[in-house]
Asker: 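Quick one: this structure, given as structure tokens, is what I'll be asking you about.
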Amino acid sequence: MAAITVRPPTLKKMEALGFSLMIVAAVLMAAAVWGGPHRFQEDVVLNPGEYYLYTLNGHQWSTVYFSIKSTGPVTVCITDGTGVEMLKSGEGPLCFFKAEDTTSIEKIWRFPEKGPLYLVLVPAPGTRQAIVSITVKSGLVLW
């Protein structure tokens with residue numbers, strides 16, 4: 001008659017837990033490599049009729065933090081390629097996010113779709129000149 005040996009249930013649970021942790025670690029490492037952080041900082045002078053465009057790259061699971069401080073009111077907009085084409089043609093862009101006539105804004109924003117998306121700054125009508133300080137950080141957020 002054949003003998004069947006059964007390992008203790010605790011050992012099976014430990015093996016399953018170890019395997020699960022290895023899979024989770026591999027997925028997190030892959031996501032961290034592909035969604036690596038990015039930082040950008042610049043001061044821009046905007047004259048009437050001008051606009052500033054910054055390209056944001058990301059995925060649905062990534063976020064972008066931006067801080068904008070200006071000497072004059074500006075409109076901050078995050079848009080896609082269609083919105084940029086509308087802006088170039090003289091129309092106002094369609095925005096996923098928009099803050100009008102602000103001199104200071106700090107925001108964490110999650111990508112609604114895979115990029116590229118564009119951060120657009122436009123001086124408010126009647127503004128002679130605006131000096132804008134821009135800080136952008138983007139990367140992976142796991143929640």
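Side chains included, hydrogens not; waters and symmetry mates left out as well; all remaining heavy atoms used. The structure presented is a predicted model; accordingly, all values stated were derived computationally and were not measured.
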Asker: Please report the shortest heavy-atom distance between S70 and A130, naming the atom on each side.
Answerer: OG-CB, 3.7 Å

Asker: Do T103 and T71 make a side-chain contact, defined as non-hydrogen atoms from C-beta onward lying under 4.5 Å apart?
Answerer: no

Asker: Does some side-chain heavy atom of W109 sit less than 4.5 Å from a side-chain heavy atom of L117?
Answerer: yes

Asker: Hydrophobic clustering (ILVMFWY, side-chain heavy atoms < 4.5 Å, transitive) - are L53 and V44 grouped together?
Answerer: no

Asker: Can you measure from CG (D43) to OG1 (T135) and round to the nearest 0.5 angstrom?
Answerer: 8.5 Å

Asker: Considering only heavy atoms from C-beta outward, does the side chain of P73 approach that of T127 to under 4.5 Å?
Answerer: yes

Asker: Examine I134 and V120 and state if one hydrophobic cluster contains both, with Ile, Leu, Val, Met, Phe, Trp and Tyr joined whenever side-chain heavy atoms are less than 4.5 Å apart.
Answerer: no

Asker: When hydrophobic residues are tied together by side-chain contacts of less than 4.5 Å, even through go-betweens, does L119 share a cluster with Y52?
Answerer: yes

Asker: Using the benzene-type ring in the case of Trp, are the ring centres of Y51 and Y118 under 6.0 Å apart?
Answerer: no

Asker: For the residue pair Q129 and V45, what are the closest heavy atoms and their distance?
Answerer: NE2-CG1, 3.2 Å

Asker: Pairs in or reaching into residues 67-92: which pass salt bridge (charged side-chain N to carboxylate O under 4.0 Å, His left out), with residues at least two apart or in two chains?
Answerer: none

Asker: Would a single hydrophobic cluster contain both L46 and Y54, if residues Ile, Leu, Val, Met, Phe, Trp and Tyr are joined by side-chain heavy-atom contacts under 4.5 Å?
Answerer: yes

Asker: Test T75 against L121 for side-chain contact (heavy atoms from CB on, under 4.5 Å), laying out the working first.
Answerer: CA-CA 6 Å; T75 297; L121 302 175; over 6 Å; no

Asker: Answer with yes or no whether the hydrophobic clustering places L56 together with V74; edges join I, L, V, M, F, W, Y residues whose side-chain heavy atoms lie under 4.5 Å apart.
Answerer: yes

Asker: Give me the atom names and distance for the closest heavy-atom approach of I108 to Y65.
Answerer: CG1-CD1, 3.8 Å

Asker: Measure the spacing between CG of L87 and CG of L94 and express it to the nearest 0.5 Å.
Answerer: 11.0 Å

Asker: Once rounded to the nearest 0.5 Å, what's the spacing between atom CD of E106 and atom CZ of F66?
Answerer: 10.0 Å

Asker: Atom NZ in K13, atom OG in S20: separation rounded to 0.5 Å?
Answerer: 13.5 Å

